Amino acid sequence: MAMLEFQDVEVFYGKVQALRGISLNVDEGEIVALLGNNGAGKTTTLSTASALVRLHSGSVRFAGKDISKAHPWNVVDAGLIHVPEGRRIFSTLSVLENLQLGGYLVKDRATVAKRIERVYELLPLLAERRTQQGGTLSGGEQQMLAIGRGLVAGPKMLMLDEPSMGLAPLIVAQVMRVISEIRDQGTAVLLVEQNARAALKVTDRAYVIDNGATTIEGRASDLLTDSRIVDAYLGNG
Amino acid sequence: MQLIWDGLFVGSFYALIALGYSMVYGIIKLLNFAHGDLYMLGAFIGFAVLSSLGGIPASLSIGALLVVLLLSMLLTGTAGVLIERFAYRPLRGAPRLAVLITAVGVSFSLEYGISAIAGPNPRSFPIRLEGEVFNLIGARVSLPQIVLMIIAGLLMIGLNGYIQNTSTGRAMRSIALDRNASLLMGINVNAVITRTFFIGSALAGAAGVMAGAYYGKIDFLMGFIIGLKAFTAAVIGGIGNIKGAMLGGLVLGFVEAFGAQWFGGQWRDVFAFAVLILFLTLRPTGILGERVTERV
């Protein structure tokens, strides 16, 4: 069953058209990559799903409901969590407070506390730094915190925007491992990446966005050898 | 000793008003120039409430004052919420100058609105807190002063606890840091901004009622200077910073008390605003200026 479904979505920033027809779907428990060059519309696609950006035409459905006109907090409440580009950690709040904010809409405090414990198990380095200010963490730790913060909301699906950005290869591998663990626990993941090779290794399927429209779709294993992808996004490495 | 006490007393008023200034600035980066007028509005609401209750024996003054205080806070808070909803929210996303000018407009509307309703002449407050003056380690202190300071202190401690320990308080801090990221946490930003306006305005209203009861006289322009003073206090402490606003209020109180003592009372305001200019040029982020520890 489709968890997230985009149908011919178009988005404008003022007069500039950012999305010219995005159609994609992510099924339950699936992990899907969204690839594309800078400015292709990957981040806008995620922002549209999380209702930070209004769509001009087309529709976005999540878990069977139309969320094209929802507010951002409705989307979060429905279980679709967006971990934004650049982590966007609340820098002067502690690690714990950042995690607690992830569970802002969860009424039951005990549930939030339990989920935070689970995040600490999954990402033990956050547990060591729970009282530290978010802004003092390293880039990799901040990324883990951003993901952990998303998990506290109890997501049905996570959308991760460039989690590998600016991280050393070793840390990228760690982040990717955490992402597959999250999927293994049953959460669907939509992964936006410029690092196409790293992304295709952990995902089931992928879409390529070019100039605001989805152009290529396929199984990750096929795309790794697809000449169009290899030439444009993987280089000769 | 007397000077310290005076500074502390006046400073706690400034702090109470500066808090609202700073909270609103922190969360939507708006200098709400109408904030001082909410203080005035609070005093007039207190006046109206007292008048409509009528005939409270003077002996009950402190207890009655508390009831009036709560009612006035509620009403002033509501007024603040309405101002945000109808004057500022439609301009969300507009250039900051446009909102700033709107704030000045709201300020005038409040001042002359009240002047039209209640008349331009000063009114004397129905309750006048009077009490014995006694000596406390070298300072002349009166009972009302102590009571008012305790109320101000409790309000500030309560607010600080609210902001530090509740989920809404955390949301306020997160919105101040990063509005879009807060939306992604599922925070209904509009609702939190509304609540911020309510609390900030209610505190200003409380200060207004307390000032009315203490000085015994209110008029429609009483919020103007104190609004500027509160702004100064907020800048001294680091605008957007809650503890800074409290500290800034006290510092400003001391500066004024000592300045007035050494150079004469007529220099009081000169001192306050000289400090403002000094801070704006030398340390615009204030004493506790926002810590910037971003690491990428």
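What you see is a predicted model; the values in this text were computed from it and never measured.
Ranked by heavy-atom pairs under 4.5 Å with chain B, the list A:Val76, A:Ile81, A:Leu101 is led by A:Leu101. Options A:Ala153, A:Gly103, A:Gly166, A:Pro72 differ in how many heavy-atom pairs under 4.5 Å they form with chain B, and the most are formed by A:Pro72.
For the 3.5 Å distance criterion, the side chains of B:Thr76 and B:Tyr39 fail to qualify, holding no donor opposite an acceptor. Side-chain contact, A:Tyr120 with A:Arg115: no donor N or O sits under 3.5 Å from an acceptor N or O.
In B:Arg89, the CZ atom is crowded: over 12 heavy atoms of neighbouring residues, nucleotides or ligands sit closer than 6.0 Å.
Contact annotation for A:His82: both backbone and side-chain heavy atoms come within less than 4.5 Å of a heavy atom of chain B. A:Leu52 touches chain B through its side chain: at least one heavy atom from C-beta onward sits under 4.5 Å away, while N, CA, C and O do not.
Put simply, the side chain of A:Glu193 gets close to the backbone of A:Asn195: a donor and an acceptor are under 3.5 Å apart.
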